[in-house]
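Below is one structure, written out as structure tokens; comments come after it.
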There are 2 protein chains.
Amino acid sequence: MNRGKGKLEKIEKLFGRQVTYSKRKNGLMKKAHQLSVLCDVQIAVVSFSPSGRLSQFSSHNKRMEEILERYANLPDYLRD
Amino acid sequence: MNRGKGKLEKIEKLFGRQVTYSKRKNGLMKKAHQLSVLCDVQIAVVSFSPSGRLSQFSSHNKRMEEILERYANLPDYLRD
DNA sequence: CGTGCTATCTATAACTG
DNA sequence: TCAGTTATAGATAGCAC
């Protein structure tokens, strides 16, 4: 029912933080996947859970390393 | 009005692809930011536009390199 | 390239099993 | 922990500027 409006600040209770992390992390990865398919672009997402576990997404079955290599080698004029 | 239900496949027209990329990329970065604040976790997002331009997000004002270093050095038991 | 609108679709907080 | 439910808040497609 989405009772709490959800201010954008750290969730203090560890349990709630873990639950929210799990759900929102799935949503984030889903959005990344959709964007990569819809627009045919390379995307990489790296996320560490509150307990330090890694989750990752890399588009087009590319290895994460391949995308990070493209990131590292990108010329300046294509950066923000 | 969200007329097209939006199947999950590449948008064929370049212009539409660029517009959708721009909008959804903003949404993705926003979600990543929210997750990093709400759950106090490190997140990195790297995204290349249809024209090859880079957008990136890294949480907590950490340099992207710092997060990618954590990624590279993470022990296997914390990986998926 | 953006920004604003808005009807509709999607994600999700709180809850239950 | 972990999946499902449901009422809401949030995101966004198509359009106009």
Side-chain angles (χ1 to χ4, degrees), chain A residues 1-60 67 70-71 74-80, chain B residues 1-61 64 67 74-80:
Chain A
M1 294 100 172
N2 214 353
R3 315 259 165 84
K5 301 285 217 76
K7 297 161 298 180
L8 194 60
E9 56 186 33
K10 177 178 174 180
I11 297 167
E12 285 307 325
K13 293 181 181 176
L14 175 60
F15 181 68
R17 206 157 68 236
Q18 288 170 329
V19 172
T20 293
Y21 176 81
S22 173
K23 290 188 175 186
R24 280 184 174 256
K25 186 257 296 171
N26 288 340
L28 182 70
M29 296 304 184
K30 186 175 176 179
K31 288 282 186 187
H33 172 66
Q34 291 174 347
L35 181 56
S36 72
V37 172
L38 287 171
C39 300
D40 192 28
V41 293
Q42 278 189 343
I43 299 180
V45 180
V46 170
S47 178
F48 294 95
S49 80
S51 56
R53 270 198 159 277
L54 171 69
S55 291
Q56 60 182 291
F57 169 80
S58 53
S59 54
H60 296 86
I67 297 180
R70 181 178 176 189
Y71 169 79
L74 200 73
D76 284 339
Y77 76 92
L78 288 176
R79 294 175 185 270
D80 287 330
Chain B
M1 293 101 174
N2 215 349
R3 315 256 166 87
K5 302 288 217 77
K7 297 163 296 183
L8 194 59
E9 56 186 32
K10 178 178 174 180
I11 297 167
E12 285 308 326
K13 294 180 179 176
L14 175 61
F15 182 68
R17 205 158 67 236
Q18 287 170 329
V19 172
T20 293
Y21 175 81
S22 174
K23 291 188 174 187
R24 279 181 174 256
K25 186 256 297 170
N26 288 341
L28 183 69
M29 296 303 183
K30 187 174 175 181
K31 287 283 189 187
H33 172 65
Q34 291 174 347
L35 181 55
S36 72
V37 173
L38 287 172
C39 301
D40 192 29
V41 294
Q42 278 191 345
I43 298 180
V45 180
V46 169
S47 179
F48 295 95
S49 82
S51 57
R53 275 196 89 76
L54 171 70
S55 291
Q56 59 182 291
F57 169 80
S58 54
S59 54
H60 296 86
N61 300 318
M64 176 66 78
I67 297 179
L74 199 73
D76 284 338
Y77 75 93
L78 288 176
R79 293 174 184 272
D80 288 329

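What separates CG of A:L38 from C1' of D:dA11 is a distance of 14 Å, to the nearest Å. Regarding A:L8, its CG atom lies at a distance of 12 Å from the P atom of C:dA13, rounded to whole Å. Taking atom NZ on A:K13 and atom C1' on D:dT1, their separation rounds to 18 Å, with Å as the unit. When rounded to the nearest whole Å, the span between NZ of B:K25 and C1' of D:dA11 equals 16 Å. Here the P atom of nucleotide C:dT12 and the NZ atom of A:K30 are 9 Å apart, to the nearest Å. Straight-line distance from the CG atom of B:N26 to the C1' atom of C:dT3: 11 Å, rounded to whole Å. Remark: P of D:dA11 and NE2 of B:H33 are 12 Å apart, rounded to the nearest angstrom. If you take CG of B:L28 and P of C:dA11, they are 12 Å apart, rounded to a whole angstrom.
The cationic group of A:R53 does not satisfy the cation-pi geometry with A:Y21, failing either the under 6.0 Å distance to the six-membered ring centre or the 45° limit from the ring axis.
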TODO: Could you go through the side-chain contact (heavy atoms from CB on, under 4.5 Å) check for A:L35 and A:V37 one step at a time?
DONE: CA-CA 5 Å; A:L35 181 56; A:V37 172; over 6 Å; no
Open item on the list: For a side-chain contact (heavy atoms from CB on, under 4.5 Å) check, start with the C-alpha distance between A:M29 and A:Q56, then their side-chain angles and the critical distance, and finish with the verdict.
Closed with: CA-CA 8 Å; A:M29 296 304 184; A:Q56 60 182 291; 5.5 Å; no
Open item on the list: Between A:L74 and A:R79, is the side-chain contact (heavy atoms from CB on, under 4.5 Å) condition met? List the steps.
Closed with: CA-CA 7 Å; A:L74 200 73; A:R79 294 175 185 270; 3.7 Å; yes
Task: CA sep, side-chain torsions, deciding dist, call: A:K10, B:L38, side-chain contact (heavy atoms from CB on, under 4.5 Å) - done: CA-CA 4 Å; A:K10 177 178 174 180; B:L38 287 172; over 6 Å; no
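Among the atoms of the strands shown, none is found under 4.0 Å from any heavy atom of B:Y21. Note on B:S22: only backbone sugar-phosphate atoms sit closer than 4.0 angstrom, heavy atoms only; bases stay farther off.
The side chain of B:K31 has C:dA11 as its nearest neighbour among C:dA11, D:dA13, C:dC1. When distances run from any side-chain atom of A:R24 to the nucleotides C:dA13, C:dC1, D:dA13, the shortest one goes to C:dA13. Checked against C:dG2, C:dT12, D:dA11, the side chain of B:Q34 finds its nearest nucleotide in D:dA11.
Taking 3.5 Å as the limit, the base of D:dG14 and the side chain of B:K23 contain a donor-acceptor pair of atoms between them.
Each of A:T20 and B:S51 has a nearest nucleotide on DNA chain C; the 5'-most of these lies closest to B:S51.
One P atom belongs to C:dC1, the other to D:dA16, and the distance between them is 22 Å to the nearest Å.
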